[in-house]
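Everything on this sheet refers to the single structure shown next.
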Amino acid sequence: MTRGRFITLEGGEGAGKSTQLRALAAALRARGLAVVETREPGGSEGAEAIRGLLLTGSADRWSPRAEALLFAAARADHVEKTIRPALDRGAWVLSDRFLDSSRAYQGMGELTDGDVMTLHRIGSAGFLPDRTLVLHLDEGEAERRARARDGDEADRIGGRDDAFHRLVASAFARFASEEPSRVRTVDASGDATAVTARLLDALGDLLP
Ligand code: T5A
């Protein structure tokens, strides 16, 4: 049996990751592939419980170190219980966010990128996606999409200020330039169907 592929969708708030994950899964199934759709934080029973701890409550509920450890712990459970078993049975796994979100959101302040990678080595044996697709959307358009959906109701981390979200966007751009074979930036503007076509294009070399 051929091992499946592990694909992650990344990007800032409101870029369209969840919408595209569903569309991409449908497009891959139409090609005869078995697909598992999952998300972070979450994606396994234990990790979904940790998601509740991470995304609710006051902005200062967790210190930066505790927050990074909780994301790494959730990811360890997700990799072990959901992602690896699905890949081993030949399915493709699509995850709405993964390690690069921790690098972009937790690895740019009190902790460094190296610290986040160390936590990932301990938690998940350094397991990496076969391809990471970063959805890039102009800041104003992403905010309009998120606001149209949620109004002023952002979660603990999404509610941080614009300067923080700009740093996150610059981190994703840096990952794409540093690891071009794994990380591809995809234009997320315009019609959802056109975005899905761009994502499929960016997976072209991995498709059977
Ligand atoms: N986090 C996560 C960390 O800090 N560290 C980590 O390690 C991890 C894993 C997760 C939060 O946790 C942080 C990052 C986040 O702050 P979440 O609730 O899972 O939070 O939410 P996000 O991942 O941020 O995603 P969002 O739900 O905000 O947005 P999406 O999924 O990017 O966008 P989506 O698909 O929901 O679309 C947003 C709106 O736009 C519309 C949709 O219908 C929806 O209403 N839309 C479009 N409109 C016009 N044209 C298109 N092409 C459209 N595509 C979608």
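For clarity, every value in this text was computed on a predicted model and none was experimentally measured. Atoms within each ligand, like the ligands themselves, are counted from 1 in listed order.
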Taking NZ, NE, NH1 and NH2 as the nitrogens, is one of them in Arg166 or Glu143 under 4.0 Å from a carboxylate oxygen of the other?
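So Arg166 does not pair with Glu143 through a salt bridge.
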
Electrostatic pair Asp130:Arg3 at N-O distance under 4.0 angstrom:
yes

Do me a favour and list the nearest non-hydrogen protein atom to [atom] with residue, atom name and distance?
atom	result
atom 11 (C) of ligand 1	Leu55 CD2, 3.8 Å
atom 15 (C) of ligand 1	Glu13 OE2, 3.5 Å
atom 3 (C) of ligand 1	Phe71 CZ, 3.2 Å
atom 13 (C) of ligand 1	Ile157 CG2, 3.9 Å
atom 27 (O) of ligand 1	Arg149 NH1, 2.9 Å
atom 7 (O) of ligand 1	Ser102 OG, 2.6 Å
atom 29 (O) of ligand 1	Gly14 N, 3.1 Å

Contact between [X] and ligand 1, counting heavy atoms under 4.0 Å?
X	answer
Ala148	no
Pro41	yes
Arg75	yes
Ser189	no

Please work out whether any backbone atom (N, CA, C, O) or any side-chain heavy atom from C-beta onward of Arg97 is under 4.0 Å from ligand 1, and answer side chain, backbone, both or neither.
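For Arg97, only side-chain atoms sit under 4.0 Å from ligand 1.
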
Please step through side-chain hydrogen bond (donor to acceptor under 3.5 Å, both in side chains) for the pair Thr8 and Ser95, ending with a clear verdict.
CA-CA 5 Å; Thr8 58; Ser95 184; over 6 Å; no

Would you mind listing which atoms of ligand 1 come within a distance below 4.0 Å of any non-hydrogen atom of [X]?
X	answer
Asp155	16 (O), 18 (O), 20 (O)
Gln106	3 (C), 4 (O), 5 (N), 6 (C), 7 (O)
Ala15	32 (O)
Ala192	52 (N)
Gly16	30 (P), 32 (O), 33 (O), 34 (P), 35 (O), 37 (O)
Thr19	34 (P), 35 (O), 37 (O), 42 (C), 55 (C)
Gly158	16 (O)

Taking atom CD of Glu10 and atom CD of Glu40, what is their separation to the nearest 0.5 Å?
8.0 Å

Please evaluate residues Arg156 and Ser58 with respect to the criterion side-chain hydrogen bond (donor to acceptor under 3.5 Å, both in side chains), reporting the C-alpha separation (whole Å), side-chain torsions for both, the decisive distance (0.1 Å), and the verdict.
CA-CA 7 Å; Arg156 244 192 91 245; Ser58 64; over 6 Å; no

Using a 3.5 Å cut-off on N or O atoms only, is [X] in polar contact with ligand 1?
X	value
Lys17	yes
Tyr105	no
Gly190	yes
Glu67	no
Glu141	no

Any chance you could lay out the side-chain hydrogen bond (donor to acceptor under 3.5 Å, both in side chains) test for Ser189 and Glu141, step after step, and finish with the verdict?
CA-CA 8 Å; Ser189 66; Glu141 176 59 18; over 6 Å; no

Candidate pair Arg184 and Val134, rule side-chain contact (heavy atoms from CB on, under 4.5 Å), full reasoning:
CA-CA 6 Å; Arg184 306 275 164 88; Val134 175; over 6 Å; no

Option nearest atom 18 (O) of ligand 1 (shortest heavy-atom distance, choices His165, Arg51, Arg145, His78):
Arg51

Residue set satisfying side chain to side chain donor-acceptor pair (under 3.5 Å) with Arg131, at least two apart, ordered chain then number -> Asp205

What residues join Leu119 in its hydrophobic cluster, counting side-chain heavy atom gaps under 4.5 Å, either direct or through other members?
Leu69

Flag, side chain of Arg160 to backbone of His165, donor-acceptor distance under 3.5 Å
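Such a contact is absent between Arg160 side chain and His165 backbone.
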
Strictly distance-based, threshold 3.5 Å: is any side-chain N or O of Ser102 a donor or acceptor partner for the main-chain N or O of Phe98?
no

Cluster check Leu199, Phe6: I/L/V/M/F/W/Y, side chain < 4.5 angstrom
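They do not share one cluster, since no chain of ILVMFWY contacts under 4.5 Å joins Leu199 to Phe6.
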
Any protein heavy atom nearer than 4.0 Å to atom 22 (P) of ligand 1
yes

Does either side chain, that of Asp115 or that of Thr118, offer a donor lying less than 3.5 Å from an acceptor on the other one?
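Result is no, nothing qualifies.
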
Can we call the ring centroids of Phe71 and Tyr105 under 6.0 Å apart?
no

